[in-house]
Amino acid sequence: MHIIRRRGWEIAEHEVTPEAVVLGRRGLGRIGLGAALASTAAFGTRPAQAQILGLFGGGGTKPVPLAPLTAPRNPRYLPGRALTAEKAATTYNNFYEFGETKDIWQAAQRLKFAPWSIAVDGMVAKPFTIGFEDLVNKTKLEERVYRHRCVEAWAMTVPWTGFPLADLVRLAAPTSAAKYVVLHSLADAKQEPGLHNPMYPWPYIEGLTMAEAANELPFLAIGMYGRQVPPQDGAPIRLLTPWKYGFKSAKSIVRLTFTDKRPQTFWAQLVPSEYGFWANVNPAVPHPRWSQARERLLGTGEMVPTQIWNGYGEFVAHLYDGLKGHRLFA
Ligand SMILES: Nc1nc2c(c(=O)[nH]1)N[C@H]1C(S)=C(S)[C@@H](COP(=O)(O)O)O[C@H]1N2
Ligand SMILES: [Mo]
């Protein structure tokens, strides 16, 4: 449990309930042992970038050793806030595939994230599957420091290493009929105990419009704090959409599907009245059960005002010019 120091003006942790609370709490069943130990295939002949990437694959029960992974920081995206302490950011997670609480980081160590590949299908010139390292080697890695705002009113500021989602979209070559890109997270009940809970509409999927996906902000992260993304944060590759509530940022992505139909995303399917497709951050639009005016910073517990578009309006607000009247902020 994450314990916070409370001051009079802070909202209490119990006033903000986890995304799943309306479902009631259920046992997830015992976590089975016996996952294979880290895959240690020989990685002899790859270029330097990929060698760094393949070293550790997870799949065990001990904390996964994380290979260093650094890239030049892009100065275009300055957070205007101190970085969240790494320990705070990596031990307080939402990853329902591993359980409904915030302290799933140990359970997530069984995620086997190498080898890994991503399937690209739907409305594309030619469907294909690409290995994680081949994909990364087609991109130019950079570091971006992004603010992340969970719909539950906690926030963090993290240096991520990765590349724009737009690069992968270009590689996918969607047809002009495509209107949305759908991102699918790994759904493997052998590794992910949460999948035994049939109340959830597995797999975890999220989606963006093609205009959103082509924007410069959506970022596919493979590193965090100068190392591989750890399992609990969505190894080996996860999305970040920093102007949207955190649930849009799908973890451990295995598939991209291009479609002309708006996807029924995981949380929107579960609790449509609370979590919609757009989910853009707006302090003036409360969640049905709590205010979104302020947010609690992981690590320090400090409460700070929430910003419209989470402070990224200059990059994305124009995307919504023609969508007045839509439920853009929930
Ligand atoms: N596959 C998957 N992706 C997910 C989630 C999840 O439960 N499963 N939780 C989302 C939510 S609600 C948030 S706030 C962020 C949390 O990311 P973090 O644990 O790295 O802070 O991941 C998002 N991506
Ligand atoms: Mo979240």
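FYI, the numbering just counts along the sequence from 1.
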In Tyr320, Tyr245, Trp243, the residue satisfying ring-ring contact (aromatic ring centres under 6.0 Å, His included) with Trp309 is Tyr320
Geometric cation-pi criterion, Arg147 with Tyr312: 6.0 Å, 45° | yes
Answer yes or no: is there a donor N or O on one side and an acceptor on the other, between the side chain of Glu212 and the main chain of Leu319, under 3.5 Å?
-> no
Answer yes if Leu111 and Ile205 sit in the same cluster of Ile, Leu, Val, Met, Phe, Trp and Tyr residues linked by side chain heavy atoms under 4.5 Å apart, and no otherwise.
-> no
Electrostatic pair Arg76-Glu216, nearest N-O below 4.0 angstrom | yes
Salt bridge check: are Glu142 and Lys140 linked by an N-O gap of less than 4.0 Å?
-> no
For Ala108 and Gln232 the tightest heavy-atom approach is CB-CA, 3.7 Å
Got a second to check how far Tyr92's OH is from Asp233's CG, nearest 0.5 Å?
-> 13.5 Å
Can you name the nearest heavy-atom pair linking Ser249 to Leu239, along with the distance?
-> CB-O, 3.0 Å
Begin with the C-alpha distance, continue with both residues' side-chain angles, and end with the deciding distance and a verdict on side chain to side chain contact (heavy atoms under 4.5 Å, CB included) for Lys102 and Glu152.
-> CA-CA 12 Å; Lys102 297 288 178 282; Glu152 299 162 348; 3.0 Å; yes
Of all heavy-atom pairs between Thr265 and Gly207, which one has the smallest distance, and what is that distance?
-> CG2-N, 3.7 Å
Ser185 to Lys251 - nearest heavy-atom pair and separation = OG-O, 2.6 Å
Should Leu171 and Ile130 count as side-chain neighbours, where that means a heavy-atom distance under 4.5 Å?
-> yes
Nearest heavy-atom approach of Ala177 to Asp260 is O-CB, 3.5 Å
Do Phe266 and Trp202 have side-chain heavy atoms sitting under 4.5 Å apart?
-> yes
Closest heavy-atom pair and its distance - Gln292, Val285 | CG-O, 3.5 Å
Is there a path from Val182 to Ile253 through hydrophobic residues (I, L, V, M, F, W, Y) whose side chains come within less than 4.5 Å of each other?
-> no
Taking the six-membered ring of Phe277 (Phe, Tyr or Trp), confirm whether the NZ or CZ of Lys248 is under 6.0 Å from its centre and within 45° of its axis.
-> yes
Value rounded to 0.5 Å, distance of CG in Leu183 from CG in Leu208 = 6.5 Å
According to a 4.5 Å side-chain heavy-atom criterion applied to Ile, Leu, Val, Met, Phe, Trp and Tyr, with indirect links allowed, do Trp160 and Val145 form part of one hydrophobic cluster?
-> no
Val151 side chain near Glu274 side chain, heavy-atom distance below 4.5 Å = no
